[in-house]
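Lettering of chains follows the sequences in order, A, B, ..., and the numbering in each one begins at 1.
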Amino acid sequence: MDDLVNSFMNGPDEKGRFGIFGGRFVSETLMPLILSLEEEYEKAKTDDSFWEEMDWLWKHYVGRPSPLYYAERLTDRLGGAKIYLKRDELNHTGAHKINNVLGQIILARRMGKTRIIAETGAGQHGVATATVCAKFGLKCVVYMGAHDVERQQPNVFRMRLLGAEVIPVTSGRGTLKDAMNDALRDWVTNVRDTFYCIGTVAGPHPYPAMVRDFQSIIGKEAREQMMEQEGRLPDTLVAAIGGGSNAMGLFYPFLDDKGVRIIGVEAGGKGVNDKMEHCASLTGGRPGVLHGNRTYLLQDDDGQILEGFSISAGLDYPGIGPEHAWLHDIGRAEYVAITDKEALEAFQLCCATEGIIPALEPSHALAHVMKIAPDLPEDHLICMNMCGRGDKDIFTVAKHLGFDMG
Amino acid sequence: MTRIESKFAQLRAEGKKAFVSYIMAGDPDIETSLAVMKGLPGAGVDVIELGLPFTDPMADGPTIQLAGQRALEAGMTLQKTLQMVRDFRTGDNETPIVLMGYYNPIYSRGVDTFLAEAKEAGIDGLIIVDLPPEEDEELCLPAQKAGLNFIRLATPTTDDKRLPKVMQNTSGFVYYVSITGITGAAEARAADVAPEVARLKKATDLPIIVGFGVRTPESARDIAAVADGTVVGTAIVARIAEKKPVPEILAFVRSLSDGAHSA
């Protein structure tokens, strides 16, 4: 009983709050929809047949469990803690995003919805959504900032091949937050047949909890695999954070293991400065309300939302999931920022020492591992989430390294 | 009694429908915006809805979004919006003003500070799109306590089961959103709206004002006829975007108010 009261895993409360964060800040048109989603999700959560379907698809369609891989050369190179990589980049579609998409699409099918909408930044969530929609024969519409459409052409083409309609968003400044605005506008317009598949642990309740639950497969597996390989839990978890879904998925099953240090890595862009050339909502933002939840946001003195800046389109969001905001405030997790430059160095090191081309998002996590590992003892176990592969990023990296790809 | 409540009492006594118009504060600049605002009562506007600009207006269509962007680019802020209301009040202490927008600029200012400032500036009510009844303790209850009306949106998705919850802490009037969608999208149809207003009337004694998708004097007349009044926003804001001279904008508003008042 005492443990239950002191648990960090009880959130959110019935109002969708993690402490003061989270909630349901949506227009009245959407309120009945998110209430019905919550009801259906609560039913599915305790329905064995729902999880049996998920497990089957995770195994045979996604390729789970993803390996927990001891990065030996990287460990030797850094000369300190023992580094394990949770290889979610090996999933079908190349990132952790599909873990969550499968859950939401199965739920959408149970609710009789025939049209799926999604927002995407780098395009990974869009590709995952388009993929699962193709598999189930559902109509798929993906909103993507016009600026991101430009810089992520391969993913735009992938989504179109998969049969999705990609709508470039020009409202606002044409980035991920504007894509989310337009997806919400679509949802209020097409309330009857449409399911909004959100890609991260943000948005109105129940999305932050639901997406976390679907992504928690990462942490559950990592926990078992670490026990198998090392006979004990890891000492430190490290994961990159944009909205925070891969991090929440890794962290959640360990929240009550007080001996496990938890570190989230935000995108520091050109550096966390007063010019806001970064996306580090926790490090450089303050609490506010956007996209249905209260959380830390990049905003000006007047409460107007600012655009983030990062080399990684997947981290380029001015907010962060509300559960992270709560974990930050109560001190259960630490949050740090890594610059574009540091992430690029980590990207190259990972390629050269492990033969793994990481996405720019987990390159941020790796850059922080590079900072802390050398000073930790050899028996210190670090588990880092390698949440995506870097194929989509080679053009961006080439540009920054001055390599002409023609 | 707030100015809103007095105005509706007066309209009821006269057997008249209400005409409500929306403009974005500071669009395209404070001077023009204030000039339009000052002319609205003379153009037959019973209640002014003043938009508070926000970077991420999730319930609005492109016309209102762009208006907000223009205002922000011209330097509009919450403080300047309140100052605009004070300037308006020097010449008009009667016309009710409802501030309409999103929660974050208010939350950022601090709810109690904002409410004191808004009341002092001469604002009478608030429509905050992203605060459903589930979040009433955020702003709705403190606002009512501070003497401001909190006007709720009811929508086609608000079913009978939910309706009492939506009406519970609403005051001033009820804003019925005629369509599922964003501002300025599909056209509202009186035949669809009439049964919905009747449904709402069973749950509240407050006036029901219908908006979203009302663009012409004819439409204002038809929609007002089946409700207690109507709101026009996007069609007016579109004329401001076209840089029409203020008298021309006000003449258009007059045609709309004549439409609504003829119902």
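Contact of B:Arg162 with chain A is made through the side chain alone, with heavy-atom distances under 4.5 Å. Looking at B:Gln69, only its side chain comes within 4.5 Å of chain A, counting heavy atoms on both sides. At a 4.5 Å heavy-atom cutoff, B:Ile106 makes no contact with chain A through either its backbone or its side chain. With a threshold of 4.5 angstrom between heavy atoms, A:Leu306 does not approach chain B through any atom at all. Heavy atoms of B:Phe54 lying under 4.5 Å from chain A belong to its backbone as well as its side chain. For a residue to count as touching a neighbouring chain, one of its non-hydrogen atoms must lie under 4.5 Å from one of that chain's; by this rule B:Asp159 does not touch chain A. A:Leu290 touches chain B through its side chain: at least one heavy atom from C-beta onward sits under 4.5 Å away, while N, CA, C and O do not.
Although no hydrogens or angles enter the test, the distance criterion places no donor-acceptor pair under 3.5 Å between the side chain of A:Asn181 and the main chain of B:Met58.
Listed here is the closest heavy atom pair of A:Pro32 and B:Thr157: CG-O, 3.2 Å. B:Pro105 and A:Gln304 make their closest contact through CG-NE2, 4.2 Å (heavy atoms, listed as atom of the first residue, atom of the second, distance). Nearest heavy-atom pair across A:Asp300 and B:Ser108 is O-OG, 4.5 Å. In terms of heavy-atom proximity, A:Arg185 sits nearest to B:Asp60 at NE-O, 2.9 Å. Scanning both residues, B:Tyr107 and A:Pro287, for their nearest heavy atoms gives CE2-O, 3.6 Å. Listed here is the closest heavy atom pair of B:Met76 and A:Asp302: O-OD2, 4.2 Å.
More than 12 heavy atoms of other shown residues, nucleotides or ligands fall within 6.0 angstrom of atom CD in B:Gln79. Atom CD of B:Glu120 has more than 12 heavy atoms from other residues, nucleotides or ligands within 6.0 Å.
No side-chain donor-acceptor contact under 3.5 Å links A:Arg173 and B:Thr55. Between the side chains of B:Thr158 and A:Glu28, at least one donor N or O sits under 3.5 Å from an acceptor N or O.
In summary, A:Arg294 and B:Glu135 do not engage in a salt bridge, as defined by a charged side-chain N under 4.0 Å from a carboxylate O.
Heavy-atom pairs under 4.5 Å with chain B were tallied for A:His291, A:Arg17, A:Met180; the largest tally goes to A:Arg17. Interface check for chain B: of the options A:Gly303, A:Gly172, A:Gly16, A:Ser171, the most heavy-atom pairs under 4.5 Å are formed by A:Gly303.
For the atom pair CG (A:Asp182) and CD1 (B:Ile182), the distance works out to 7.5 Å, reported to the nearest 0.5 Å.
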